Peer 1: 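Pasting in a structure now, in structure tokens, and then I'll have a few things to ask.
A quick note: this is a predicted structure, and the numbers were derived from the prediction, not measured.
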Amino acid sequence: MENIRLLWESTGLYNFTGPQAIMMAVGFLLLFLAIKKDFEPLLLLPIGFGAILSNIPVAGMIDEGGILYYMYSGIKAGVFPLLIFMGVGAMTDFGPMLANPKTLLLGAAAQFGIFATLFGALAMNVVPGMEFSLKQAAAIAIIGGADGPTAIYVASKLAPELLGAIAVAAYSYMALVPLIQPPIMRALTTEEERKIEMQQLRVVGKTEKIIFPLMLVVLTALLLPSAAPLVGMFCLGNLMNACGVVDRLSKTAANELINIVTIFLGLSVGSKLSADAFLKMETLGILALGAVAFAIGTASGVIMAKVMNRFSSTPINPLIGAAGVSAVPMAARVANKVGQESNPYNFLLMHAMGPNVAGVIGSAVAAGVLLSLIH
Amino acid sequence: MENIRLLWESTGLYNFTGPQAIMMAVGFLLLFLAIKKDFEPLLLLPIGFGAILSNIPVAGMIDEGGILYYMYSGIKAGVFPLLIFMGVGAMTDFGPMLANPKTLLLGAAAQFGIFATLFGALAMNVVPGMEFSLKQAAAIAIIGGADGPTAIYVASKLAPELLGAIAVAAYSYMALVPLIQPPIMRALTTEEERKIEMQQLRVVGKTEKIIFPLMLVVLTALLLPSAAPLVGMFCLGNLMNACGVVDRLSKTAANELINIVTIFLGLSVGSKLSADAFLKMETLGILALGAVAFAIGTASGVIMAKVMNRFSSTPINPLIGAAGVSAVPMAARVANKVGQESNPYNFLLMHAMGPNVAGVIGSAVAAGVLLSLIH
Amino acid sequence: MENIRLLWESTGLYNFTGPQAIMMAVGFLLLFLAIKKDFEPLLLLPIGFGAILSNIPVAGMIDEGGILYYMYSGIKAGVFPLLIFMGVGAMTDFGPMLANPKTLLLGAAAQFGIFATLFGALAMNVVPGMEFSLKQAAAIAIIGGADGPTAIYVASKLAPELLGAIAVAAYSYMALVPLIQPPIMRALTTEEERKIEMQQLRVVGKTEKIIFPLMLVVLTALLLPSAAPLVGMFCLGNLMNACGVVDRLSKTAANELINIVTIFLGLSVGSKLSADAFLKMETLGILALGAVAFAIGTASGVIMAKVMNRFSSTPINPLIGAAGVSAVPMAARVANKVGQESNPYNFLLMHAMGPNVAGVIGSAVAAGVLLSLIH
Amino acid sequence: MGATLFLGYVMNELLSSGIELMLVGMGIVFTFLSMLVVFINGMSSLIQRFFPETPIVAQQGDDPRMIAAISAAVHQYRKKYSKN
Amino acid sequence: MGATLFLGYVMNELLSSGIELMLVGMGIVFTFLSMLVVFINGMSSLIQRFFPETPIVAQQGDDPRMIAAISAAVHQYRKKYSKN
Amino acid sequence: MGATLFLGYVMNELLSSGIELMLVGMGIVFTFLSMLVVFINGMSSLIQRFFPETPIVAQQGDDPRMIAAISAAVHQYRKKYSKN
Ligand code: NA
Ligand code: NA
Ligand code: NA
């Protein structure tokens with residue numbers, strides 16, 4: 001009898017707390033979004049599963065000695081997001097951006113989503129029950145960069161307690177780009193503007209593609225060294241791919257290594273979806289602010305493109321400004337699709353890839369700004 | 001002269017101890033079994049080589065600062081066996097089991113090998129020179145689960161001093177399944193029973209394959225959270241494979257990642273084959289108990305299948321009960337082969353895969369029971 | 001105003017020191033050599049990039065908590081070079097050497113480059129401004145082994161402060177083998193000798209290829225256990241490849257695993273290219289000694305081959321002695337090419353592969369000697 | 001003799017906990033896997049009723065000889081690729 | 001009321017630093033990326049003048065059906081390979 | 001001058017240990033690899049006498065053009081695969 005009582009007391013049923021059950025449900029919701037709704041499944045599936053595993057009572061997988069505890073140290077050290085960024089660099093082709101460098105300005109403009117959200121998060125302190133410090137506000141704001149590893153890197157440095165919510169918001173909104181962006185893009189442009197066809201891009205040579213990551217890393221070192229880890233690892237991956245002499249390494253960086261790290265990173269982000277950190281008013285604030293961040297980033301990219309179109313000698317379709325938020329290559333595809341609604345023969349995809357990869361640089365630069373100005 | 005003496009004293013020849021030499025010979029025996037006898041070479045080759053490397057005098061590869069010392073920390077933390085289990089999950093198809101769920105009972109019955117062996121190990125304390133604590137007995141018993149990573153995981157938690165012997169016994173007997181099982185299967189069944197043909201299995205849809213690992217992880221969380229690390233990582237791998245949206249990740253988990261971890265795990269298991277832990281009477285006991293565990297597991301699986309055949313509406317060939325010990329897919333192949341000796345047109349392979357993968361779940365559950373009841 | 005000053009003071013421009021700028025230039029030089037001159041790009045590209053990243057002011061990527069700091073621990077523990085050596089072992093075919101075992105003596109002779117350089121480094125202490133301890137001299141000498149992972153392993157044990165310069169010198173001279181060796185080879189041989197054709201090599205069976213790595217590891221254990229980590233991991237990789245039953249593992253060891261470790265190793269070697277360690281007179285000494293080491297190794301290999309040719313029943317082309325320095329397979333190709341200058345129908349490649357892989361064993365043995373004699 | 005008695009007592013203790021573990025252990029394993037049977041049956045009938053799937057057609061027969069040729073070539077290619 | 005005042009003061013402080021961060025931050029981002037535009041233009045014209053590259057000819061048209069067939073076979077091969 | 005003498009003494013010390021290392025080191029390297037020669041010869045003759053292997057026939061000539069085509073396709077496939 002005594003033994004059966006002991007046995008019963010060792011079950012999960014006996015030990016489950018309400019918050020743990022809710023967090024497991026959140027994990028299942030993420031799995032549903034990943035598998036059925038195709039929401040960034042590469043990340044949201046491991047994150048969701050990590051949320052489930054870490055909220056199993058008694059098992060203690062997040063306690064010292066548990067597998068998720070060890071995995072999280074790869075995030076705490078910043079190693080996982082930086083390795084992912086290296087792999088992303090190895091997959092990125094800067095050709096379209098180098099063919100039309102002024103699209104970098106679109107990638108810059110879209111980062112206004114980050115800084116407006118920073119202000120918004122601070123302003124939210126007037127709402128009772130919400131309380132964000134400057135560091136937390138900055139970590140939330142980086143969701144507006146629409147770049148997963150950058151968001152995780154910054155959050156792990158500035159506000160690790162919000163890491164789970166921020167990562168989930170970042171990847172969810174990245175998956176929602178095809179829903180969030182088009183209405184904003186249509187509202188801010190005229191039918192005529194959406195019809196604008198752009199000049200074909202020149203072919204960019206190999207030398208330029210090799211020099212560019214080197215130039216970028218030097219400029220970062222000179223002007224914004226706090227962005228150097230992110231930008232540097234990105235440029236390393238990109239250089240390995242562009243130079244063509246270390247294909248073994250760039251392929252491994254862009255495939256097996258990024259896959260392994262993605263599993264570990266996802267699980268350990270999920271392990272931070274604990275009830276006491278997630279089930280708070282603040283999480284609603286983060287979700288709301290994240291959506292606002294994407295909307296503002298999209299809008300400022302489009303507006304910047306409109307301004308540039310006015311002053312540019314060659315025509316610029318304002319829709320490609322929306323791709324400045326990064327979320328590669330989803331945002332560029334959205335720009336292309338919205339463009340073809342107005343002009344079925346308008347192929348904006350390559351033109352939008354310029355601001356799209358510029359947005360990756362832009363958000364890494366913005367991350368560097370936040371990391372250097374906020375202590 | 002003095003220098004030559006110093007040189008001589010730095011050689012292995014001068015420093016070799018008898019036990020080290022014997023353990024190196026054990027390492028070579030394992031290599032022989034792996035390479036010439038095809039005994040689970042993926043594991044026994046690195047284990048054997050690890051035994052050789054770790055018993056080289058002076059080199060100190062298992063001392064703090066040596067490569068095998070660092071590698072072993074991956075076992076101590078439980079990370080290596082769990083990652084292997086994730087990879088195995090990504091390779092596992094639960095289709096045949098889902099098509100005929102009552103085969104799960106065969107996977108349950110075969111775990112009697114574990115618990116009978118636990119009792120046997122405790123009873124062995126009457127033999128002079130053998131002494132097994134409750135923890136050690138449980139760690140030995142898990143050999144009967146016929147599942148390598150589970151055995152390593154449990155042994156590393158309950159009795160790390162026996163890890164080497166237990167892992168070697170587990171993998172060796174898994175390789176011996178085609179020799180150990182058939183006589184027992186023939187002894188316990190009639191020719192008529194062995195001829196029984198089974199109904200073709202229905203095709204199991206993708207949705208069921210996606211839901212199953214989730215259901216399994218929830219049930220584990222509710223009832224037996226101590227099995228959650230093993231079952232959870234297994235289900236993660238299985239879900240990644242079944243859902244079809246993260247093929248990049250499941251392929252890496254089932255290939256490069258499991259390969260890398262297998263090398264590290266094998267070497268570090270081998271590094272625990274030290275003379276003072278292995279060259280003891282107890283090791284003979286472990287080897288004997290391991291063989292008994294497999295035999296009992298096989299027998300109880302077959303007997304359970306005979307019982308079920310009596311009460312089932314559809315015929316069940318008792319041979320498939322032997323596959324309940326896991327040892328995927330060797331045990332299922334053995335069931336198929338023994339069946340074809342009596343009836344060459346009887347294809348039991350798919351029917352035996354059901355209890356076979358059920359055995360993996362069963363032994364993970366049994367591991368959870370042992371880990372939760374024995375402190 | 002105050003803020004703008006603070007901002008300015010956080011830039012790299014403000015914080016750059018002269019030495020850092022020079023080291024970044026060294027990094028760019030290495031990238032140039034790797035990408036444009038095809039100097040061992042797999043290593044020199046990550047090393048060069050590591051030099052750049054680690055010399056960015058403020059970013060602190062080599063400080064505790066930075067990614068390069070964590071990566072370097074894989075070298076400090078010896079794990080990275082040993083894993084690379086395992087992968088190299090899995091890529092190595094000992095067939096040509098087993099078909100003509102006396103080529104091992106060429107691999108032995110070429111190691112004279114190591115020990116002569118050791119003496120040279122000690123003698124350099126007479127030059128004002130140069131100061132090398134015995135440990136440092138030994139670490140420098142190993143450059144003469146023409147084997148990257150061996151050099152890194154030994155340097156990390158004996159003189160980690162020189163690791164950057166030694167690794168750079170080792171890989172640079174390995175890339176320069178086609179320039180350094182031919183004049184020496186031509187000077188030491190007559191036209192007649194260079195025309196010597198060698199007998200076709202017998203086919204070596206699988207069993208011999210399996211036994212050889214085991215024999216080598218036993219001999220190392222008995223005679224020179226200090227070489228056991230290097231030789232042992234190399235033999236493990238070689239055995240995995242030769243035995244044919246663990247192809248999954250040997251392929252991963254020779255591809256994804258070695259690629260991942262190469263990226264990490266390269267970056268962390270590069271991170272040791274810090275100004276205060278590199279910008280010293282001693283570095284010039286290291287570069288000079290490295291070149292001398294390669295030249296002496298080449299010469300002693302050729303001279304040994306000439307001696308052997310005199311006493312051997314079958315003809316030996318002295319050119320293949322130059323391949324004894326290792327630098328696989330570059331040195332063997334050089335021997336082939338120089339031979340074809342004198343006799344276009346002379347195919348020395350396979351004959352030179354024997355001393356070439358023997359050179360790898362020879363330098364690992366020499367490393368063991370240094371590690372065991374110098375404390 | 002007192003020691004022998006004591007040892008005997010300890011042995012009895014160990015063996016009875018062994019039997020208890022056996023009963024409890026097999027009980028839990030059977031309970032767990034039986035519940036899984038029930039849940040799988042429930043899940044399968046629910047899914048087949050409410051989300052019936054058209055069974056996946058077997059993959060169109062790739063010519064096995066072609067696959068053999070190609071996989072040999074792939075193997076060769078990989079081998080070559082992995083060495084340089 | 002003193003507390004409210006104090007809170008208000010803190011809020012003002014926070015919001016003003018938010019505005020400052022917004023201005024400084026966007027300033028840096030724009031400066032940085034604008035400089036990149038200038039440098040890229042410089043680099044491209046330098047390279048095109050002094051190291052002109054013959055544009056890489058598009059890869060010779062592999063028959064897409066062949067590629068499809070082969071990649072299916074490769075996939076099959078890999079699947080098979082990954083299981084044993 | 002005493003210091004110079006002392007330095008000279010240290011140098012002599014270092015150089016003589018350098019020469020000793022050179023002799024001992026090359027001695028060990030040659031001894032080790034010579035023993036390997038002996039053992040390999042022994043092993044090879046033993047194996048060839050007692051376990052003679054039928055030499056492996058060279059792999060049946062795959063058409064090199066086919067391999068080239070396939071490896072190009074594989075490369076393409078991988079590239080595509082690695083991006084999505
Ligand atoms: Na962005
Ligand atoms: Na089992
Ligand atoms: Na060498």
Side-chain angles (χ1 to χ4, degrees), chain A residues 73-74 76-83 85-87 90 153 157 206-207 210-211 213-214 217-233 235-240 242-253 255-261 368-369 371-373 375, chain C residues 3 6-16 20-21 24-25 27-28 31-32 34-46 48-50 52-61 64-71 73 252 254-264 266-267 270:
Chain A
S73 60
K76 211 160 71 181
V79 174
F80 288 168
L82 291 178
L83 289 179
F85 223 51
M86 178 175 75
Y153 184 77
K157 300 281 174 200
K206 195 177 156 187
T207 313
I210 293 176
I211 300 291
L214 296 172
V217 84
V218 169
L219 206 64
T220 308
L222 292 179
L223 296 186
L224 196 61
S226 53
L230 279 168
V231 173
M233 292 303 283
C235 288
L236 170 58
N238 192 251
L239 177 66
M240 292 198 299
C243 72
V245 293
V246 291
D247 282 352
R248 278 182 74 118
L249 303 185
S250 68
K251 273 175 190 156
T252 295
N255 290 289
E256 290 79 16
L257 182 53
I258 203 175
N259 292 347
I260 293 171
V261 175
V369 170
L371 289 172
S372 96
L373 295 184
H375 304 285
Chain C
N3 275 340
L6 282 174
L7 215 63
W8 163 242
E9 286 177 1
S10 78
T11 63
L13 268 175
Y14 178 85
N15 289 284
F16 249 114
Q20 281 174 326
M24 281 191 73
F28 279 105
L31 292 181
F32 173 80
I35 296 172
K36 279 286 153 193
K37 298 291 169 192
D38 213 41
F39 266 38
E40 297 280 334
L42 292 174
L43 265 296
L44 286 189
L45 189 145
F49 214 92
I52 294 171
L53 292 182
S54 58
N55 282 288
I56 297 177
V58 184
M61 291 174 76
E64 195 170 340
I67 185 169
L68 298 178
Y69 174 86
Y70 292 113
M71 281 188 179
S73 60
T252 295
N255 289 290
E256 289 81 15
L257 180 54
I258 203 174
N259 292 349
I260 292 172
V261 176
T262 298
I263 296 174
F264 293 174
L267 282 174

Peer 1: Using heavy-atom distances under 4.5 Å, tell me whether C/Phe28 contacts chain A through its side chain, its backbone, both, or neither.
Peer 2: side chain
Peer 1: Would you call A/Leu83 and A/Pro81 a side-chain contact if the rule is heavy atoms closer than 4.5 Å?
Peer 2: no
Peer 1: Between C/Ile52, C/Leu267, C/Ile263, C/Asn55, who has the most heavy-atom pairs with chain A when the cutoff is under 4.5 Å?
Peer 2: C/Ile263
Peer 1: Which atoms of C/Phe264 are under 4.5 Å from chain A, going by heavy atoms: the side chain, the backbone, both sets, or neither?
Peer 2: side chain
Peer 1: Is any side-chain heavy atom of C/Ile56 closer than 4.5 Å to one of C/Phe16?
Peer 2: no
Peer 1: What part of C/Leu53 is in contact with chain A, defined as an atom under 4.5 angstrom from a non-hydrogen atom: side chain, backbone, both or neither?
Peer 2: side chain
Peer 1: Is C/Tyr14 close to C/Pro57 at the side-chain level, that is, under 4.5 Å between some pair of heavy atoms?
Peer 2: no
Peer 1: Do the side chains of A/Arg248 and C/Thr262 get nearer than 4.5 Å, heavy atoms only?
Peer 2: no
Peer 1: Counting C-beta onward and ignoring hydrogens, is there a side-chain heavy-atom pair between A/Met240 and A/Met86 closer than 4.5 Å?
Peer 2: yes
Peer 1: Is A/Ile210 close to chain C through its backbone or its side chain, or both, or neither, when contacts mean heavy atoms under 4.5 Å?
Peer 2: side chain
Peer 1: What part of C/Ile260 gets within 4.5 angstrom of chain A, counting heavy atoms only: side chain, backbone, both, or neither?
Peer 2: both
